[in-house]
Amino acid sequence: MKPLPRSFFSRSTRTVARELLGCRLVRQLNGDRLAGIVVEAEAYIGEQDQACHAKVGKTPRTQVMYGPAGFSYVYFTYGMHWMLNVVTAKEGFPAAVLIRAIQPVEGIEVMQDLRRGKNLVDLCSGPAKLTQALGIARGQNGLDLCQPSSELWIESGLVFPRHVIASSPRIGLGETPEPWRSKPWRYLVKNNPFVSK
DNA sequence: AGCACGATTAACT
DNA sequence: GTTAATCGTGCTC
């Protein structure tokens, strides 16, 4: 399969977040192919969105979100964790989708090595778990995911029927002010055990 | 130069 | 349910 085209990612961020569910996230790492089906994602939309890192404007950290869609935005948080996002919307408008969970389907043994032998449902059921399982860190920031022969990309996969998709407020927003705190911009697959806990 | 805090996780009680 | 781990980022002095 080939990477999803830039036109997939350059649409509205919430549409991309919802339609990413069912897609296959692929990581080529040291000759191994690691992959999983996206089952949870969140939209972060523009400088107005007080939960979005771009609320502080364009900085070295946030600049990739201002660039073209289809690039990775990987950032470091809590002194130890890496998070994977895909840049969305039109160039110049800062927005991205956080990949929060995937269902592992390829390269599971390698993922377990990178995750200290965690069992299947704990391998990738959280945004920092999946980056660890896929060997994603600062070196994977700013990659073009639409380029064939990349080390990281997204393919089409399953198509979940609309009635198995749920939405909810985003996770971990802390003291983010309303209305942003309650925006139902998290999308997940209902009753899927690989969604974050 | 120093500070508060974070789109989390794992290991506790 | 609670908390330690651990450091880049953006802001203030």
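Numbers restart at 1 for each chain; the letters A, B, ... are given by sequence-line order, proteins then strands.
If you take CG of A/D122 and C1' of B/dT9, they are 10 Å apart, rounded to a whole angstrom. With rounding to whole Å, A/F76 atom CZ is found 6 Å from C/dG8 atom P. Between the NZ atom of A/K118 and the P atom of B/dA10 there is a distance of 5 Å, rounded to whole Å. As a whole-Å value, the separation of A/Q50 CD from B/dC5 C1' is 15 Å. When rounded to the nearest whole Å, the span between CH2 of A/W82 and C1' of C/dT6 equals 13 Å. Between the CE atom of A/M83 and the P atom of C/dG8 there is a distance of 15 Å, rounded to whole Å. If you take NE2 of A/H81 and P of C/dA4, they are 15 Å apart, rounded to a whole angstrom. Distance A/R138 CZ to C/dT6 C1': 13 Å, rounded to the nearest Å.
Closest contact between the side chain of A/Y73 and the listed nucleotides B/dA10, B/dT8, B/dA7 involves B/dA7.
Base pairing of C/dT6 is not made with any nucleotide, judged by Watson-Crick or G-U wobble geometry with both donor-acceptor distances under 3.5 Å. Here B/dA7 sits opposite no nucleotide as a Watson-Crick or G-U wobble pair (both hydrogen-bonding atom distances under 3.5 Å).
Contacts of A/A128 with the nucleic acid, taken as non-hydrogen atoms under 4.0 Å apart, involve only primed sugar atoms and P, OP1 or OP2.
Each of A/T62 and A/Y78 lies near DNA chain C, and the nucleotide nearest A/Y78 is the one positioned closer to the 5' end.
Looking at A/L130 and A/L25, their side chains come closer than 4.5 Å, going by heavy atoms from C-beta outward.
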